Amino acid sequence: MGEAAGSDQILLDDKGGQGRVLMNINEQLTAWVDVSITMIDVWHSIIKESTNPYKRYVTPENGFIYVVSGKAKFACDESEYTLQKSDVFYAGKNMNLDVFILEEPFEYYIILFSVQQDASCLEGQPFRSHYTVHPEDPINLFQKIDSMYGTWNKPGALSKLYVKALFYHFIHDLFQQAHLKGSSAGLIERSILYMNENFRENLSLHSLSQFIGSSPGYFSNLFKKQTGISPIEFLTHIRINKAKELLLLSDAALREIANHVGYSDVYYFNRIFKKYTGMPPGQYRMKR
């Protein structure tokens, strides 16, 4: 898998891990901000027991492919990419794409879309490109694509609007992961994002370090060096701040609030809340 080549570049990888930079992330982000998109199709497919592992296509629209399982080699404009589970591949419209299935079953999702852009967006042709991203949090991307696919064929404009909203979330998360990947600052930023999104879960130093792919000791030292506190203390601050909001803005019982912010034991929640705020939750609620 490739490493980030600076905080503003997407790195393309071939099978041997030799990457070359094709597109500046900031150029991509600017292009996405300035264009209007139309969703064309979302589908899911599985190739298995294929008699012909080689296929040639001309891409009908701009599109993303998310690989669920298997392995394939994609060749586009003399560049080759080996794609496997969780990899994301992008190619613009009307590009020659050769696909060689290396491991079956090859399961994937495809999202097709068209873009309408004015002349100010055309410099560098960011949508006339191709690249891969190896996401650090593939489950997050998979959930969005799977929801898009499950909603796409439902009738009504509201369903199509939901798919389009999910697609923009997918693009945001994809480029955020590409942007953050590689640097130590990026690792900590990703772990903080993960904590903010999953504070209700049973997180531990071990699970957090696993998420960013490092040892607990290295992760803890790096996190404290950059933030001044330990990962678990940072997580506790997130949970206590969320609990403060719920205490002031809702009438939920303390046990419900404790469970909502990640504490199954309401008595422990009371103790930790008082430790960080100087007063028990019930007294804090009286500030409303």
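Everything numeric in this text was worked out from a predicted model, so none of it was measured. We're numbering straight along the sequence, starting at 1.
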With sequence neighbours excluded, residues passing side-chain contact (heavy atoms from CB on, under 4.5 Å) with [X]:
| X | result |
| --- | --- |
| Tyr149 | Val42, His44, Tyr109 |
| Lys164 | Ile37, Met39, Tyr168 |
| Arg255 | Asn259, Val266 |

Look up atom [atom1] in [X] and atom [atom2] in [Y], then write down how far apart they are to the nearest 0.5 Å.
| X | Y | atom1 | atom2 | answer |
| --- | --- | --- | --- | --- |
| His169 | Ser147 | NE2 | OG | 11.5 Å |
| Thr227 | Ile192 | OG1 | CD1 | 6.5 Å |
| Ile40 | Lys93 | CD1 | NZ | 8.0 Å |
| Leu158 | Lys160 | CG | NZ | 10.5 Å |
| His134 | Gln84 | NE2 | CD | 8.5 Å |
| Asp251 | Leu246 | CG | CG | 11.0 Å |

Residues forming a side-chain hydrogen bond (donor to acceptor under 3.5 Å, both in side chains) with [X], sequence neighbours excluded:
| X | answer |
| --- | --- |
| Ser250 | none |
| Arg271 | none |
| Asn62 | Tyr90 |

Would you say that [X] contacts [Y] through its side chain, given a criterion of any heavy-atom pair below 4.5 Å between the two side chains?
| X | Y | result |
| --- | --- | --- |
| Met148 | Ile111 | yes |
| Lys287 | Met279 | yes |
| Ile65 | Val88 | no |
| Thr277 | Lys244 | yes |
| Lys154 | Tyr162 | no |

Using modelled atom types only, decide if a donor and an acceptor are shared between the side chain of [X] and the backbone of [Y] within a distance under 3.5 Å.
| X | Y | result |
| --- | --- | --- |
| Tyr66 | Pro138 | yes |
| Ser207 | Ser204 | yes |
| Thr132 | Phe89 | no |
| Asn198 | Tyr194 | yes |
| Thr151 | Val163 | no |

Closest approach of [X] and [Y], non-hydrogen atoms and distance?
| X | Y | answer |
| --- | --- | --- |
| Cys76 | Leu97 | CB-CD1, 4.1 Å |
| Ser220 | Leu205 | CB-CD1, 4.1 Å |
| Pro280 | Phe273 | C-CD2, 3.9 Å |
| His206 | Pro216 | ND1-CG, 4.2 Å |
| Lys85 | Val68 | CG-O, 3.2 Å |
| Ser114 | Glu61 | CB-OE1, 3.6 Å |

Quick check on the 6.0 Å ring-centre criterion: do Phe74 and Tyr81 meet it?
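No, too far apart.
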Let me check something: any side-chain donor-acceptor pairs from residues 229-240 under 3.5 Å, sequence neighbours excluded? List them with distances.
from, atom 1, to, atom 2, distance (Å)
Ser230, OG, Glu233, N, 3.1
Thr236, OG1, Ile232, O, 2.9
Arg239, NE, Phe199, O, 2.9
Arg239, NE, Val261, O, 3.1
Arg239, NH2, Phe199, O, 3.1
Arg239, NH2, Glu201, O, 2.8

| message | Going by salt bridge (charged side-chain N to carboxylate O under 4.0 Å, His left out), name the residues that satisfy it together with Asp98, two or more places apart in sequence or in a different chain. | response |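 Partners of Asp98 by the salt bridge (charged side-chain N to carboxylate O under 4.0 Å, His left out) criterion, ordered by chain and then number, come out as Arg56.
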With sequence neighbours left out, write down each residue that passes salt bridge (charged side-chain N to carboxylate O under 4.0 Å, His left out) with Glu197, or none if nothing qualifies.
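If we apply the salt bridge (charged side-chain N to carboxylate O under 4.0 Å, His left out) test to Glu197, skipping adjacent residues, there are no hits.
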Discussion item. Going by ring-ring contact (aromatic ring centres under 6.0 Å, His included), name the residues that satisfy it together with Phe106, two or more places apart in sequence or in a different chain.
Written reply: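 By the ring-ring contact (aromatic ring centres under 6.0 Å, His included) rule, Phe106 matches Tyr108.
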Which residues pass the ring-ring contact (aromatic ring centres under 6.0 Å, His included) test with Tyr268, sequence neighbours left out?
->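 With neighbours one apart ignored, the set is Tyr263.
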**side chain to side chain contact (heavy atoms under 4.5 Å, CB included) evaluation trace for Leu203 with Leu208** = CA-CA 7 Å; Leu203 300 181; Leu208 291 170; 4.2 Å; yes
Is there a side chain to side chain contact (heavy atoms under 4.5 Å, CB included) between Phe219 and Ser191? Walk through the geometry before answering. CA-CA 10 Å; Phe219 169 60; Ser191 70; 3.7 Å; yes
Look at atom [atom1] of [X] and say whether more than 12 heavy atoms of other residues, nucleotides or ligands are closer to it than 6.0 Å.
| X | atom1 | answer |
| --- | --- | --- |
| Tyr267 | OH | no |
| Leu249 | CG | yes |
| Tyr284 | OH | yes |

| message | Testing the 3.5 Å rule here: is there a donor-acceptor pair between the side chains of Lys144 and Asn140? | response | yes
Practice prompt. Evaluate the side chain to side chain contact (heavy atoms under 4.5 Å, CB included) criterion for residues His260 and Lys242: first the C-alpha distance (whole Å), next the side-chain angles of each, then the deciding distance (0.1 Å), finally the verdict.
Written response: CA-CA 9 Å; His260 182 79; Lys242 297 294 183 182; 5.7 Å; no
Next on the checklist: Is the ring pair Phe113/Phe167 parallel, tilted or perpendicular, if the boundaries are 30 and 60 degrees?
Outcome noted: tilted
The single option from Phe127, Phe175, Trp43, Phe170 that satisfies ring pair (Phe, Tyr, Trp, His ring centres under 6.0 Å) with Phe64 is Phe170
request  = Report whether Leu83 and Met95 are members of the same hydrophobic cluster (ILVMFWY, side-chain heavy atoms less than 4.5 Å apart, transitive linking).
outcome  = no
With a 4.5 Å cut-off on side-chain heavy-atom distances among I, L, V, M, F, W and Y, is there a chain of contacts connecting Leu112 to Leu161? no
Q: Take Ser45 and Glu107, measure what side chain to side chain contact (heavy atoms under 4.5 Å, CB included) needs, and give me the verdict at the end.
A: CA-CA 6 Å; Ser45 186; Glu107 182 179 0; over 6 Å; no
| query | Using links of under 4.5 Å between side-chain heavy atoms of ILVMFWY residues, direct or through other members, which residues join Val58 in one cluster? | reply |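 Members alongside Val58: none; it stands by itself.
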